[in-house]
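As structure tokens, the structure follows; a few thoughts come after it.
Note on naming: letters A, B, ... go to the chains in the order of the sequence lines (proteins, then strands), and numbering restarts at 1 for each one. Keep in mind the model is a prediction, meaning the values are calculated, not measured.
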Amino acid sequence: MPAKNGAAKRGQDGPGTGGIRLVIVESPAKAKTIAGYLGANYVVESSIGHIRDLPSRAADIPPKYKGEPWAKLGVDVDHDFEPLYVINADKKQQVAKLKKLLQDADELFLATDEDREGEAIAWHLREVLRPKVPVRRMVFHEITRDAIRAAVQAPRDLNLRLVDAQETRRILDRLYGYEVSPVLWKKVMPKLSAGRVQSVATRLVVERERERIAFVSAGYWDILGQFIAPARDGDKGDEPRDFQARLVSVDGKRIAQGRDFTAQGVLRGDLRHLDEESARGLADRLTGRPFAVTSIERKPYTRKPYPPFRTTTLQQEASRKLGFSAKHTMSVAQKLYENGFITYMRTDSITLSETAIAAARSQAAALYGSEYIPAKPRVYQTKVKNAQEAHEAIRPAGETFRTPGETGLSSDQFRLYELIWKRTIASQMKDATGQSVSVRITGTSTAGEQAEFGASGKVINFYGFLKAYVEGLDDPDADRDDRERRLPKLEEDDPVTASAVNAEGHSTRPPARYTEASLVKELEEREIGRPSTYASIMGTILDRGYVFKKGTALVPSYLAFAVVQLLERHFFHLVDYDFTARMEDCLDAIARGEAERVLWLRRFYFGEDGDEGLKELVSDLDEIDAKGVSSFPVKGTDIMVRVGRYGPYLDRAGERVNIPEDLAPDELTAEKAEELFNQMSTDRELGKDPETRHPIVAKAGRFGPYVTEILPEEPAGTDKKRKKAAAKPRTASLLKSMSLETVTLEDALKLLSLPRVLGELDGEPVTAQNGRYGPYVKKGTDSRSLQGEEELFTITLEQAKELFAQPKQRGRGAASAPPLRELGVEPATGKPVVVKEGRFGPYVTDGETNASLRKEDQVESITIERASALLAERREKVASGGGGKAKTTPKRRTAKSRS
DNA sequence: CAGTGAGCGAGCTTCCGCTTGACTT
């Protein structure tokens with residue numbers, strides 16, 4: 001049989017014997033490699049990841065299920081949480097290709113990854129392809145010729161319990177995400193999201209910011225001495241003689257250092273806390289005094305190499321050393337992978353194949369000498385608890401490694417490859433060894449105080465793996481692993497002289513903000529998220545506006561504070577840091593056949609023994625105080641931060657001011673809040689109304705820029721008569737042609753003169769004014785919209801009369817607007833159906849029922865059949881009370897609950 | 001967060017995890 005499909009990868013080993021075997025893997029690049037290892041009777045193709053999933057939105061729901069109350073969830077919660085699967089739109093083509101290839105195959109090998117998701121992909125493939133030929137499950141953990149050939153010889157059956165565990169995971173994530181997100185839409189802001197992973201990630205960032213806000217810095221002082229060791233016979237002059245040592249204790253009492261203070265700035269333990277005055281005094285009293293070495297402690301020093309990269313450690317190092325975001329690292333790595341330079345980049349494994357170990361060792365020996373290679377290969381064991389280890393570690397591909405220079409790569413790909421290459425080589429090299437030394441020096445001050453100084457040194461005798469690779473640092477003050485700190489040769493009782501003794505002031509610092517890399521690391525340690533999702537989690541919390549970047553630091557927005565506060569108060573167990581860990585335990589039990597998924601999902605969703613389930617929690621919307629969850633006090637003030645629909649603002653007894661978007665929450669101190677209130681005068685005074693003498697100001701308001709007049713303050717004891725006369729200030733929105741910065745007093749007076757009286761018609765006054773829907777003319781209760789704002793000042797009574805003589809342009813008048821297309825008569829009802837352009841875009845109507853076109857519909861191509869289906873769906877919805885105006889109540893409720 | 005005057009087809013937003021391109025910036 002000739003290869004029907006050019007994209008399918010056929011083996012190269014000449015004509016095969018026996019039947020054709022179709023092997024399906026997840027990744028196209030992997031398919032290409034594996035095809036080269038198998039005979040010509042193997043056809044290797046990929047699924048390109050998952051091929052089916054729960055419907056993500058209404059348009060994906062098959063018509064048959066549209067009416068079901070659970071259709072949007074895609075999970076029939078009342079019938080054992082039966083999931084509804086649809087083939088992903090972007091995989092239909094690939095599924096068709098696989099079906100076609102299967103027609104010519106005599107055997108099907110499902111060779112997806114050996115982990116929970118891979119097992120599920122294999123199962124979905126079997127369900128969708130419905131093979132009539134024997135099906136085998138084939139697994140391997142490294143892509144080498146031997147491993148692949150061995151895998152083909154030892155297939156097994158699908159593990160349906162593992163598939164069950166995956167399905168449970170999927171359903172739980174759907175219920176969480178699609179039930180909790182709408183609560184946020186109603187109580188905080190539309191389009192927000194909540195989920196098992198992103199909500200915990202957001203909470204971590206928010207909690208760190210809370211710690212920073214609560215942090216109280218403590219000041220402390222210490223003393224740094226410059227010392228000189230005695231000259232020795234036989235010195236060649238290349239050994240250092242001077243060194244630094246820091247004050248450790250005075251009269252046996254240890255000096256307080258930064259780590260001795262709590263986050264509240266309180267000193268822990270009975271220590272000597274030096275302030276500036278005492279530190280300077282002591283330094284003076286020690287200057288010029290004799291010192292002597294009182295103790296020397298030498299210890300051997302060894303440092304083991306770092307394990308090979310997995311996804312998270314690669315992201316961290318690429319961030320530290322190359323400044324890459326998680327997303328950029330993954331996209332560069334993807335290219336390297338596709339072009340055969342590295343192994344798979346989404347992995348939690350640090351295991352190297354035997355061929356890779358051999359390649360690393362021989363290359364390290366060639367580059368650094370055989371003395372840099374340990375006798376036995378190094379084997380690394382993962383510490384990630386929920387690791388699924390379907391892949392190898394991230395390493396250079398192939399059975400011998402290309403040096404970066406041999407790859408011909410450039411720029412970011414070169415740099416990332418070089419990082420991976422060096423790390424892999426180094427992981428098979430010897431430990432670095434040396435000596436560390438700790439020295440104590442004591443002297444007596446002029447006042448008789450016993451002062452002890454300490455210094456430590458590190459000498460590396462053999463660099464080992466550090467020759468090839470040194471890990472980057474998050475803390476700029478920390479020492480790199482290859483950094484030596486040489487001390488002079490010293491012996492006990494050696495006299496040393498102090499060339500300088502200086503007091504130094506310090507203050508404790510709040511915990512550092514997360515970066516993308518450190519947040520990913522934290523999530524991995526807490527077993528939350530997977531290698532394939534770490535980068536996109538960062539994308540999600542950035543896109544939702546939960547965090548923003550300041551340099552590389554992740555700063556939470558007040559929106560995130562509001563969302564996290566809501567979740568903590570009303571869904572605490574869902575954002576508990578152990579939630580995922582408990583879920584994993586349960587999924588493992590399901591995979592072992594020791595737990596029943598329906599019971600577990602039922603408890604989660606419907607509750608048990610008085611514990612509320614998710615369903616009940618998301619229904620009790622009245623329980624959630626929208627204003628409360630969106631309010632935070634500013635420390636030490638009576639000012640509240642509130643998160644409104646238009647962003648965060650400060651509220652002090654009704655007086656309000658916006659918070660700048662880029663202001664980090666921990667920078668909003670009482671002073672800063674005060675400053676914002678003082679700056680509030682973005683209000684610009686334009687001058688005084690020549691008639692009333694009232695000041696006229698331009699302001700930025702809820703509905704955009706506007707002008708208003710400032711009325712004189714009412715005297716305290718106003719009588720009734722005056723109160724009645726007390727007028728509201730005139731206000732008017734700026735025209736679109738004006739701006740807050742350039743509007744003049746003349747403009748303002750013109751605007752405030754509205755409404756303009758044009759005259760009288762039919763015994764009623766006719767006025768021109770600006771309103772909610774733009775400029776219009778009004779006659780009694782009748783009105784007509786105007787074309788442009790300028791017409792407000794130019795329209796005559798005569799022109800207005802003409803307008804009132806015509807029917808309204810919109811509203812009922814719209815019926816006379818010509819349709820975009822006529823689709824003909826609907827067979828079911830006999831009514832003519834047309835397509836019209838409306839306020840929300842194109843829709844079809846039979847004159848009574850209207851239905852919007854969906855995303856997949858086009859005005860030009862929609863058929864009467866499709867229109868009829870849309871109308872039928874709409875009629876049913878209205879009849880069941882689910883659609884139409886009855887549903888506008890949530891809006892009111894939202895507004896009410898927020899005010 | 002200023003508060004003015006209609007009457008109109010709503011429908012959608014969202015999760016996590018597995019994969020690439022096809023898109024736009």
Side-chain N or O of [X] less than 4.0 angstrom from OP1 or OP2 on [N]?
X	N	result
A:Arg346	B:dT19	yes
A:Arg544	B:dT13	no
A:Tyr706	B:dG3	no
A:Gln769	B:dT4	no
A:Thr533	B:dG17	yes

Choosing from [options], which nucleotide comes nearest the side chain of [X]?
X	options	result
A:Tyr776	B:dC18, B:dA2, B:dG5	B:dG5
A:Lys72	B:dT19, B:dT13, B:dC15	B:dT13
A:Ser181	B:dC18, B:dC15, B:dC16	B:dC15
A:His391	B:dC15, B:dT19, B:dT13	B:dT19
A:Thr731	B:dG17, B:dC18, B:dA2	B:dA2
A:Gln334	B:dA2, B:dT20, B:dT19	B:dT20
A:Ser532	B:dG11, B:dC15, B:dT19	B:dT19
A:Arg656	B:dC16, B:dC18, B:dC1	B:dC1
A:Glu117	B:dC16, B:dG17, B:dG5	B:dG17

Backbone N or O of [Y] within a donor-acceptor pair of the [X] side chain at under 3.5 Å?
X	Y	value
A:Thr533	A:Gly529	no
A:Arg203	A:Leu567	no
A:Ser349	A:His391	yes
A:Asp846	A:Glu848	yes
A:Gln769	A:Val777	no

For a salt bridge (charged side-chain N to carboxylate O under 4.0 Å, His left out) with A:Glu167, tell me which candidate from A:Arg174, A:Arg597, A:Arg116 qualifies.
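For A:Glu167, the salt bridge (charged side-chain N to carboxylate O under 4.0 Å, His left out) check succeeds only for A:Arg597.
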Would you state whether a donor and an acceptor, one from the side chain of A:Arg174 and one from the base of B:dC15, lie under 3.5 Å apart?
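Answer yes: a donor N or O sits under 3.5 Å from an acceptor.
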Indicate, yes or no, whether a donor-acceptor pair under 3.5 Å links the base of B:dC16 to the side chain of A:Arg530.
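By the distance-only test, no, there is no pair.
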Paired and unpaired positions of DNA chain B as dot-bracket, Watson-Crick or G-U wobble under 3.5 Å, | denoting a partner strand:
.........................
Without decimals, in angstroms, what is the distance between [X] [atom1] and [N] [atom2]?
X	N	atom1	atom2	answer
A:Lys627	B:dC1	NZ	P	10 Å
A:Tyr85	B:dC18	OH	C1'	13 Å
A:Asp60	B:dT14	CG	C1'	13 Å
A:Ile61	B:dC12	CD1	C1'	12 Å
A:Leu751	B:dT4	CG	P	16 Å
A:Leu754	B:dG3	CG	C1'	16 Å
A:Glu167	B:dG17	CD	P	16 Å
A:Leu587	B:dG17	CG	P	11 Å

By the 4.0 Å heavy-atom rule, please label [X] as base, sugar-phosphate, or nothing.
X	answer
A:Asp113	sugar-phosphate
A:Gly529	sugar-phosphate
A:Arg116	nothing
A:Ala194	sugar-phosphate
A:Leu192	sugar-phosphate
A:Tyr178	base
A:Thr540	sugar-phosphate
A:Gln198	sugar-phosphate
A:Arg196	sugar-phosphate
A:Gly49	base
A:Lys778	sugar-phosphate
A:Tyr344	sugar-phosphate
A:Asp651	nothing

Of all residues at least two apart in sequence or in a different chain, which pass the ring-ring contact (aromatic ring centres under 6.0 Å, His included) check with A:His328?
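For A:His328, the residues satisfying ring-ring contact (aromatic ring centres under 6.0 Å, His included) (neighbours in sequence not counted) are A:Phe324.
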side-chain contact (heavy atoms from CB on, under 4.5 Å) partners for A:Lys779, two or more places apart
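If we apply the side-chain contact (heavy atoms from CB on, under 4.5 Å) test to A:Lys779, skipping adjacent residues, the hits are A:Leu761, A:Asp762, A:Glu764, A:Val766, A:Phe804.
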Which residue, A:Gly647 or A:Val180, contacts DNA chain B at a nucleotide closer to its 5' end, judged by nearest heavy atom?
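Upstream on the strand: A:Gly647.
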In terms of the nearest nucleotide of DNA chain B, which residue is placed more toward the 5' end: A:Ser56 or A:Met345?
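The residue mapped nearer the 5' terminus is A:Ser56.
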Within a reach of under 6.0 Å around CD of A:Glu338, are more than 12 heavy atoms found that belong to other residues, nucleotides or ligands?
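Atom CD in A:Glu338 is crowded, with more than 12 foreign heavy atoms closer than 6.0 Å.
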Restricting to non-hydrogen atoms, name the atom on A:Val643 and the atom on A:Tyr558 that form the minimum distance, rounded to 0.1 Å.
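That would be CG2-O, 3.4 Å.
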Looking only at non-hydrogen atoms, find the nearest pair between A:Ser783 and A:Tyr776 and report the distance.
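Looks like CB-CD1, 3.9 Å.
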Using the six-membered ring for Trp and the full ring for Phe, Tyr or His, decide whether A:Trp185 stacks on the six-membered base ring of B:dT13 (centres under 5.5 Å, planes under 30°).
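A:Trp185 vs B:dT13: stacking yes.
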